[in-house]
Amino acid sequence: MLKPAGQKCSVFLNGRLIGFADNGEATLAELREKRRSGVISHQSNFHYNYKTDELYVNTDSGRARRPYIVVENGQSKLIPSLLEQLKNGEMSWEKLIKLGVVEYLDAEEEEDSLIALRDTDLTSEHTHLEIDPVSIVGVSVSVLPYPEYNSSPRITMACAMSKQSLGTYAMNFNMRTDSRSHIMVYPQQPLVQTRPYSILKFAEHAAGQNFVVAITTARGYNMADALVMNRNAVDRGLGRSVFYKTHETEERRYPGGQRDKFEIPPATTHGYREEKAYRHLGEDGIIIPESNVDSKDVLVGKTSPPRFLEELSVFGVTEERKRENSLAVKGGEGGTVDSVLLAESLSGNKLVKCRIRSIKIPEQGDKFASRHGQKGVIGLLLPQEDMPFTKDGIVPDLIINPHAIPSRMTMGHLLEMLGGKAACYTGKFADATAFNGDKEDEFKKTMKENGLDEFGEEVLYDATTGEPMKAKIYIGVIYYQKLHHLVSNKMHVRSRGPVQLLTHQPTEGRAREGGLRFGEMERDCLIGYGASMLLKERLLEESDKTYELVCDKCGSIAIHDHVKNRDYCALCDSTSLHYVEMSYAFKLLLDEIKSLHIFPRLLLRDKA
Amino acid sequence: MASKARSVDPGEAVGIIAAQSIGEPGTQMTMRTFHYAGVAEQVPTGLPRLIELVDARKEPKKPLMDVYIKEELSKSEPKVREIAHGLESTLLSSLATIEEDFAQKLIRIAIDEKTISEEQISLDDIKKKIQKLASVSEGEEKNVFVIKPTKTTSLRNIRRLTNKLRSLHIKGIERISRTMIIRNADGTYRIRTGGSNLAAIMKHPSVISEKTYTNDIQEIERVLGVEAARQSLTNELKQVLDMQNLNVDIRHCMLLADAMTMDGKIKSIGRHGLSGEKAGVLARAAFEETIKHLINAAVHAEEDRLIGVTENIIIGQTVPVGTGLVKLKMKM
């Protein structure tokens with residue numbers, strides 16, 4: 001005890017000292033009793049710190065609380081008669097709280113409690129009982145099958161990945177205009193489910209499909225987390241999804257009464273694209289639904305007034321030349337126009353929304369994952385006739401590599417495969433709720449009853465030779481999710497392409513068709529290798545090489561007079577000039593140094 | 001011939017290769033350093049020590065020495081212990097209680113006679129040492145010295161003088177705070193000291209001066225010269241890397257030590273040392289403090305002969321390394 005004996009227990013209400021009690025523990029017991037009997041609100045929580053002899057009463061908002069079954073003298077207060085009433089629908093949750101059978105604890109009161117995970121664990125020491133062992137995990141984990149059979153890092157990964165899985169994010173997706181949305185075409189509910197999964201009614205908007213999976217090598221195309229998928233299964237619709245992208249544009253109004261106009265831009269428009277780009281547009285300049293668009297095709301033709309009003313032509317007359325400002329599909333994208341919406345924007349302008357749909361069929365590089373943190377990308381789509389098969393003629397949809405299992409210790413993955421296989425034979429969903437799921441032995445029994453190997457291993461026949469494979473192969477049915485990392489949205493190459501205005505160096509990023517940076521450390525490697533010419537090629541020839549005229553008298557960069565078609569040095573008027581190869585960034589550096597009032601001179605000499 | 005075959009090719013970018021060879025395992029060391037966070041260390045090892053060496057700090061965080069005793073004495077533990085005890089620096093504060101009297105503006109030093117007889121120090125010796133700092137007047141008792149500051153009597157100066165007196169070195173070797181006896185593999189004993197004083201230890205009659213070791217590179221440079229500093233820098237670098245089981249060739253460490261000592265004094269790697277003294281303006285400007293270097297170059301009308309790697313990359317020429325080093329002598 002940190003304070004002198006004889007002093008009274010301090011009582012705090014929502015963190016403020018409000019008074020003293022003679023006996024803290026007795027007061028606590030009394031408060032708790034009153035809460036359970038309904039005298040005090042059931043939303044209050046109490047915590048007694050015996051070290052400092054302080055009693056905390058909390059009734060304020062913002063405390064995270066969780067329900068538990070109250071235990072008294074080692075006996076759950078949820079007695080069989082109450083359970084019976086619950087089953088018959090004669091008892092409600094509110095009533096259980098009122099009866100003091102169920103109570104909510106906050107983080108502080110939890111510290112004073114001893115909570116049993118299962119009713120079989122109950123001792124006289126216990127104060128509460130967990131309603132169900134699954135409730136110790138969160139929402140994300142509770143829908144994962146057999147998490148207690150997996151290593152914890154894999155559970156974390158599985159949670160992260162199930163948030164990237166494709167499904168049906170909203171039932172009215174067809175009426176929505178989200179800027180991007182991705183929908184799975186034929187989602188299935190998993191054969192191996194958990195109780196929270198059904199409580200959440202997740203099956204009504206499932207996010208994955210049940211795959212027949214074999215764990216074996218496949219011609220080296222499933223090494224290092226690659227997947228080999230059955231091409232015929234893909235052709236039948238396995239792992240198919242639709243990607244929607246909504247583009248929008250409006251007829252803006254400008255100061256001075258001018259406004260944009262939706263139309264097919266006349267060929268005289270400033271910045272007119274090639275005629276082909278406008279081919280899908282209707283008379284109103286808006287694209288016709290269900291037309292197949294390619295990258296850079298125009299969706300909505302739009303012309304804007306010129307940016308600067310005083311654009312004088314050669315003849316001195318102000319010429320109204322409109323600016324092309326159409327809405328077009330971005331490079332590398334494309335698809336079918338799904339719907340076109342005409343509306344009014346917030347500022348009262350004419351607004352067009354245009355949704356493009358593209359069907360994403362699984363291809364090499366697309367990412368899939370089971371619910372055990374086992375992710376992989378497709379390495380090969382193998383025709384069914386080349387896939388191994390069982391004596392019953394079952395051909396796997398997916399072949400994963402055996403090396404994916406031992407080091408990651410995802411036993412839940414193997415168990416789900418067996419459970420899924422058993423579910424196929426019994427016609428009943430398997431229950432894989434955390435800590436309380438169906439046991440391996442039940443699946444084994446089902447296997448035996450159906451004349452299969454109880455461990456789930458079967459003889460597979462090599463399709464190319466017809467010979468049985470030398471080892472028995474573990475094969476089963478497991479729920480796989482398609483993750484929204486698709487190659488088609490990521491693939492990027494460049495040989496030549498756009499450069500930045502300021503530096504003349506290649507642009508950055510896929511959206512700008514950019515190059516990949518040859519960075520400082522990569523540069524160090526080439527120097528370390530002594531590959532001087534290659535280094536120059538990377539950093540100069542393939543980047544911002546320019547030839548600048550340099551004056552050999554004063555060492556400054558000379559200029560070209562277009563009117564007189566003459567080269568001369570602007571500083572000393574000399575015409576003794578030479579073209580010098582340099583990086584544009586260096587020319588820029590010289591300019592910037594000049595802006596610091598420092599005059600850099602280039603001393604020229606013949607190259608040895 | 002064998003040595004010729006092992007020699008480095010002309011134009012080999014030894015600097016970059018050394019930097020990469022030390023830097024790559026260094027990243028692993030960083031991770032391990034954080035992993036070991038909170039574990040008490042006697043002497044900085046691993047990354048902190050590596051940084052200390054490369055930065056050429058004035059004094060290591062924990063200076064220490066290994067003192068080897070002449071053969072006839074080194075076999076007997078009591079004798080080595082006696083020598084070790086003699087090395088330890090005894091400060092006035094451990095022999096006396098020093099009190100300030102601000103009212104009378106004087107400092108009273110009461111010597112503990114029991115302690116000094118154990119340490120075999122005479123009162124006169126102490127008095128002499130104190131007199132080097134301030135004039136001493138005898139107190140009421142034999143073992144009490146009273147110091148009356150004459151020149152300035154401000155409280156601040158009294159406090160300053162007291163602190164000086166507290167850390168007044170009386171006996172042993174200065175800066176050697178404590179000693180430890182370590183048993184060598186051959187059964188002899190050596191002394192490990194906390195604190196370093198190379199010059200004084202090497203003069204000690206029972207010490208093998210040429211075997212004496214200190215981890216204070218700057219001190220080695222002061223006492224034994226830059227060549228010795230170079231060698232011990234190499235050894236220290238290699239030792240730090242070896243201790244972490246990082247297999248780095250010693251020649252990379254040698255090159256680093258050479259670069260740090262090449263102009264007769266120890267230079268650090270970085271803005272205040274090696275990189276700050278590069279020949280080319282552009283190379284310096286590219287490293288750190290761009291504007292400072294550009295303006296200084298302008299003031300001194302500096303010329304960049306474009307001899308370095310960085311300069312040539314900036315302007316877009318081949319770098320004078322490897323294949324970029326060879327030039328055509330004659331055009332046919």
Side-chain angles (χ1 to χ4, degrees), chain A residues 503-505 517-548 550 554-557 579-608, chain B residues 8-24 26-27 252 255 280-283 285-287 290-331:
Chain A
T503 61
H504 289 199
Q505 287 170 359
R517 187 183 156 86
F518 190 83
E520 231 172 308
M521 295 174 89
E522 289 76 12
R523 179 205 76 149
D524 289 346
C525 287
L526 286 195
I527 297 170
Y529 215 82
S532 196
M533 306 301 160
L534 177 59
L535 183 67
K536 192 187 163 212
E537 180 180 286
R538 284 291 108 205
L539 264 30
L540 188 73
E541 330 270 349
E542 301 287 88
S543 179
D544 57 349
K545 183 162 103 165
T546 51
Y547 289 94
E548 292 291 337
V550 177
C554 70
S556 62
I557 293 197
Y579 275 107
V580 176
E581 176 198 78
M582 63 175 79
S583 71
Y584 190 81
F586 179 61
K587 189 241 160 196
L588 208 63
L589 174 71
L590 295 178
D591 292 342
E592 286 205 22
I593 290 175
K594 276 177 223 157
S595 74
L596 289 173
H597 278 204
I598 298 170
F599 179 40
R601 292 170 190 273
L602 300 178
L603 307 179
L604 301 185
R605 174 164 55 93
D606 273 326
K607 226 177 183 177
Chain B
V8 171
D9 296 323
E12 186 84 80
V14 286
I16 288 266
I17 294 171
Q20 289 184 338
S21 303
I22 296 172
E24 189 267 344
T27 54
H252 301 309
L255 187 79
V281 188
L282 288 175
F287 178 59
T290 311
I291 306 224
K292 183 184 114 185
H293 286 299
L294 287 180
I295 288 174
N296 283 340
V299 170
H300 299 110
E302 258 184 84
E303 202 173 278
D304 196 322
R305 304 298 303 175
L306 305 178
I307 43 176
V309 171
T310 320
E311 298 94 303
N312 282 293
I313 286 179
I314 291 172
I315 66 160
Q317 286 186 352
T318 54
V319 289
V321 156
T323 54
L325 203 66
V326 285
K327 295 266 156 64
L328 203 58
K329 200 74 184 168
M330 190 191 294
K331 260 186 185 152

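Sequence lines set the chain letters: A, B, ... in the order given, protein chains first and strands last, and positions in each chain run from 1. Below, each value reflects all heavy atoms present in this structure, side chains not excepted, and no hydrogens, waters or symmetry copies.
For A/Arg601, no part lies under 4.5 angstrom from a heavy atom of chain B. Of the two parts of A/Leu590, neither the backbone nor the side chain holds a non-hydrogen atom closer than 4.5 Å to a non-hydrogen atom of chain B. Using a 4.5 Å cut-off between heavy atoms, A/Ile527 touches chain B through backbone and side chain atoms alike. For chain A, the nearby part of B/Gln317 is the backbone; its heavy atoms alone come within less than 4.5 Å. Interface remark: A/Ala585 contributes no atoms to any contact with chain B (heavy atom separation under 4.5 Å).
The distance from the CG atom of A/Leu602 to the CG atom of B/Asp304 is 11.0 Å, given to the nearest 0.5 Å. Rounded to the nearest 0.5 angstrom, A/Phe586 CZ and B/Ile315 CD1 are separated by 6.0 Å.
Residue-environment remark: OH (A/Tyr579) stays at or below the threshold of 12 foreign heavy atoms within 6.0 Å. With a 6.0 Å radius and a threshold of 12 heavy atoms from other residues, nucleotides or ligands, A/Tyr529 has its OH atom at or below the threshold. Within 6.0 Å of atom CD1 in B/Ile291, 12 or fewer heavy atoms from other residues, nucleotides or ligands are found, so the atom counts as exposed in its surroundings.
Considering every non-hydrogen atom in both B/Thr318 and A/Lys536, the closest pair reads CG2-CD, 3.5 Å. A pairwise comparison of heavy atoms in B/Gln20 and A/Met521 identifies NE2-O, 4.5 Å as the closest pair. B/Ala13 and A/Gly528 make their closest contact through CB-CA, 3.9 Å (heavy atoms, listed as atom of the first residue, atom of the second, distance).
In terms of modelled atom types and a separation under 3.5 Å, the side chain of A/Ser532 and the main chain of B/Gly322 share no donor-acceptor contact. A donor-acceptor pair is defined here as one N or O able to donate and one able to accept, closer than 3.5 Å; such a pair exists between the side chain of B/Thr323 and the backbone of A/Gly530.
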Run the side-chain contact (heavy atoms from CB on, under 4.5 Å) check on A/Ile598 and B/Ile295 step by step: do they pass? CA-CA 7 Å; A/Ile598 298 170; B/Ile295 288 174; 3.9 Å; yes
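When each of B/Ile17, B/Val309, B/Ile313 is checked for heavy-atom pairs under 4.5 Å with chain A, B/Ile313 comes out on top. Top candidate by heavy-atom pairs under 4.5 Å with chain B, chosen from A/His597, A/Lys545, A/Lys587, A/Arg523, is A/Arg523. Across B/Ala285, B/Pro320, B/Gly316, the residue that shares the most heavy-atom pairs under 4.5 angstrom with chain A is B/Gly316.
Looking at heavy atoms from C-beta onward, A/Leu589 lies in side-chain contact with B/Ile314 at the 4.5 angstrom threshold.
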